[in-house]
Amino acid sequence: MTIRLYDTSARQIRDFIPLTPGCVSIYLCGATVQAAPHIGHIRSGLNFDIMRRWFAYRGYDVTFVRNVTDIDDKIIQKSAEQSRPWWSIGYENEVAFNTAYDALGCLRPTYEPRATGHIPEMIEMMRGLIERGHAYAAEGNVYFDVRSFPGYLGLSNQDLDHLKQPSGEGETGKRDPRDFAMWKAAKEGEPSWETPWGRGRPGWHLECSAMAHKYLGEAFDIHGGGIDLIFPHHENEIAQAKAFGDGFAMYWTHNAWVTMSGEKMSKSLGNSLLVSEMVKQWRPIVLRYYLGTPHYRSMIEYSEDALREAEAAFARIEGFVQRVVEKAGAVEPADEVPPAFAEAMDDDLGVPQALAIVHTAVRQGNAALSADDKEAAVARLAEVRAMLGVLGLDPLDERWSGGADRGADLHGVVDSLVRLVLDQRQSARARKDYATADAIRDQLQQSGLAIEDTPSGPRWSLS
């Protein structure tokens, strides 16, 4: 058994060899909490949640760090616009992100450090880089000298001579316009912290290098994030950390975007779909299926039609699970997933191929139910539950069946109402009023419900 991952830095799929046998350490760039999350934001959390679950299934002891950027230019700008403290905006949106992660079934990280809680670690890293000749202070700012680090731009494969480094307001005193800010000089009315080089606040890139060092040490296994972070954020993280003396990340994995009309979903485009609103329209487990089952390196072009297709596909799985439980009672997940599923997941987290194995097992299970082969149906359900558990999609898991999924609550309400109507239909059939019985069935079908008459009574499902 060998897990293989696409490594952005190597530009190829590599066998995963952990630094410490039996352990895996993952650092994921988490939320910048200037606004509530849309489904594009939350995709990264889902993709790396599935990665974490698969490593755990394969027997690894997983340490998973996902940071929170709670201070940056946009948060400060919103603070001024709304006349609110910067920390109030950050905390409000941090809660919104965690609520969204929880709603879509993401496991909580091992550690979730905030940038502003690690100023001493950032100062220590800047001091070391200045002493080694890789950084310099100027007019209250601290910059990284990109020409001092020969490996710079190796991740994004760019040419330094043609580089345009994004710069923020007030970044004065640079020796080279391509140098990037690790620390920004204080401005009147903005939050700031004391350092040996004057009061100021962190640059975006410094925080992750410092926090990864604190929680995962000088070297760790996997660094993750969205493809939009490859440059400048991850490139600059690497430069800081390695120039400081760290080995840093052994593998770099990046998830693709959720797009609308071919463009990255973002606040600036005005096309964001907030998770808090989406879960009012769609069951959270369906949203997880929709966002988590495409390959993590593939773009997802958002549309309601695609979401409806995901809902229908998951309903087929859920319907099979429900029918077997009704026939055979509780069925525990199998101890192991089928070999073909494991092979797909080992190959760069091939969730689409793995999901095909799930649907094949569901079809086989439904065929067994039709043939009244209870033993085979139970065996398929045990496999299906094991596979869905790895993907965080087992409808019988306490996370979804215990009431946390709002859709499960609605299912119970709808079931009670439909049973009342079906009882009326049964009464009509009992008195041989078949016209009324058929009219009731037709009305239910027009409402989006499929009615199946079985030896144990009528059964309904979403059509």
Side-chain angles (χ1 to χ4, degrees), residues 26-38 40-42 44-45 48 64-103 106 108-126 141-142 166 168-171 180-195 199-216 223-226 228-229 232-234 236-237 240-241 266-268 272 274-276:
I26 303 172
Y27 185 95
L28 173 64
C29 283
T32 300
V33 288
Q34 84 271 12
H38 56 61
H41 290 132
I42 225 69
S44 180
F48 285 90
F64 182 69
V65 179
R66 185 183 66 211
N67 77 295
V68 175
T69 298
D70 60 340
I71 187 72
D72 83 332
D73 293 342
K74 293 179 181 178
I75 294 173
I76 293 171
Q77 181 182 343
K78 290 203 169 187
S79 173
E81 291 171 353
Q82 299 176 18
S83 298
R84 291 175 58 195
W86 62 271
W87 46 262
S88 172
I89 292 170
Y91 183 70
E92 176 183 278
N93 292 309
E94 181 182 341
V95 170
F97 265 88
N98 280 326
T99 299
Y101 289 132
D102 289 344
C106 294
R108 288 292 179 98
T110 313
Y111 308 110
E112 192 169 25
R114 296 191 187 104
T116 56
H118 297 79
I119 303 299
E121 290 82 0
M122 298 184 207
I123 292 173
E124 179 185 356
M125 183 165 279
M126 285 189 289
N141 302 294
V142 179
E169 183 183 348
E171 294 185 13
F180 62 86
M182 295 191 294
W183 191 261
K184 299 188 177 187
K187 296 179 185 176
E188 187 175 351
E190 290 188 356
S192 63
W193 290 260
E194 188 62 61
T195 77
R199 293 191 67 84
R201 61 181 175 86
W204 177 29
H205 318 298
L206 178 63
E207 62 185 72
C208 286
S209 298
M211 289 189 287
H213 178 90
K214 178 180 178 68
Y215 293 95
L216 297 177
H223 196 311
D228 52 317
L229 300 181
H233 186 49
H234 289 166
N236 293 350
E237 278 188 63
Q240 292 164 156
S266 69
K267 289 287 184 185
S268 61
S272 60
L274 297 181
V275 176
S276 58

Going by side-chain contact (heavy atoms from CB on, under 4.5 Å), name the residues that satisfy it together with [X], two or more places apart in sequence or in a different chain.
X: Ala212; result: Tyr27, Phe220, Phe248
X: Glu188; result: none
X: Gln82; result: Lys78, Arg84, Ile89

With a distance cut-off below 6.0 Å to the six-membered ring centre and an angular limit of 45° from the axis, does Arg66 pair with Phe97 as a cation-pi contact?
->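 No, a cation-pi geometry is absent between Arg66 and Phe97.
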To the nearest 0.5 Å, what is the distance between [atom1] on [X] and [atom2] on [Y]?
X: Glu237; Y: Glu207; atom1: CD; atom2: CD; result: 8.5 Å
X: Glu190; Y: Arg199; atom1: CD; atom2: CZ; result: 12.5 Å
X: Glu112; Y: Tyr215; atom1: CD; atom2: OH; result: 11.0 Å

Residue pair Met182, Met125: steps toward the side chain to side chain contact (heavy atoms under 4.5 Å, CB included) verdict | CA-CA 10 Å; Met182 295 191 294; Met125 183 165 279; 6.0 Å; no
Single hit among Thr69, Val68, Ile71 for side chain to side chain contact (heavy atoms under 4.5 Å, CB included) with Arg114 |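 Of all the options given, the one that passes is Val68.
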What are the two closest non-hydrogen atoms of [X] and [Y], and how far apart are they?
X: Cys29; Y: Leu229; result: CB-CD1, 3.7 Å
X: Leu274; Y: Ala36; result: CD2-O, 3.7 Å
X: Asn141; Y: Ala185; result: OD1-N, 2.8 Å
X: Gln240; Y: Ser209; result: NE2-OG, 2.8 Å

Who passes salt bridge (charged side-chain N to carboxylate O under 4.0 Å, His left out) against [X], sequence neighbours left out?
X: Asp102; result: Arg108
X: Glu124; result: none
X: Glu171; result: Lys174, Lys184

With distance as the sole test, does [X] use its side chain to make a donor-acceptor pair with the main-chain N or O of [Y] at under 3.5 Å?
X: Asn67; Y: Gly30; answer: yes
X: His41; Y: His38; answer: yes
X: Ser79; Y: Ile75; answer: no

Can you list the steps and then say if Leu206 with Phe180 is a side chain to side chain contact (heavy atoms under 4.5 Å, CB included)?
-> CA-CA 10 Å; Leu206 178 63; Phe180 62 86; over 6 Å; no
Verdict with reasoning, Trp87 to Asp70, per side chain to side chain contact (heavy atoms under 4.5 Å, CB included) = CA-CA 7 Å; Trp87 46 262; Asp70 60 340; over 6 Å; no
Close side-chain approach of Ser44 to Leu28, heavy-atom, < 4.5 Å |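 Yes. Closest side-chain heavy atoms under 4.5 Å.
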Which of parallel (below 30°), tilted (30 to 60°) and perpendicular (above 60°) describes Trp86 and Trp193?
->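 Ring orientation of Trp86 relative to Trp193: perpendicular.
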Heavy-atom count around Lys187 NZ within 6.0 Å, excluding the residue itself: above 12?
->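 Buried by this count: over 12 neighbours within 6.0 Å.
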What do the steps show when you test Lys214 against Tyr111 for side chain to side chain contact (heavy atoms under 4.5 Å, CB included), and what is the final call?
-> CA-CA 11 Å; Lys214 178 180 178 68; Tyr111 308 110; over 6 Å; no
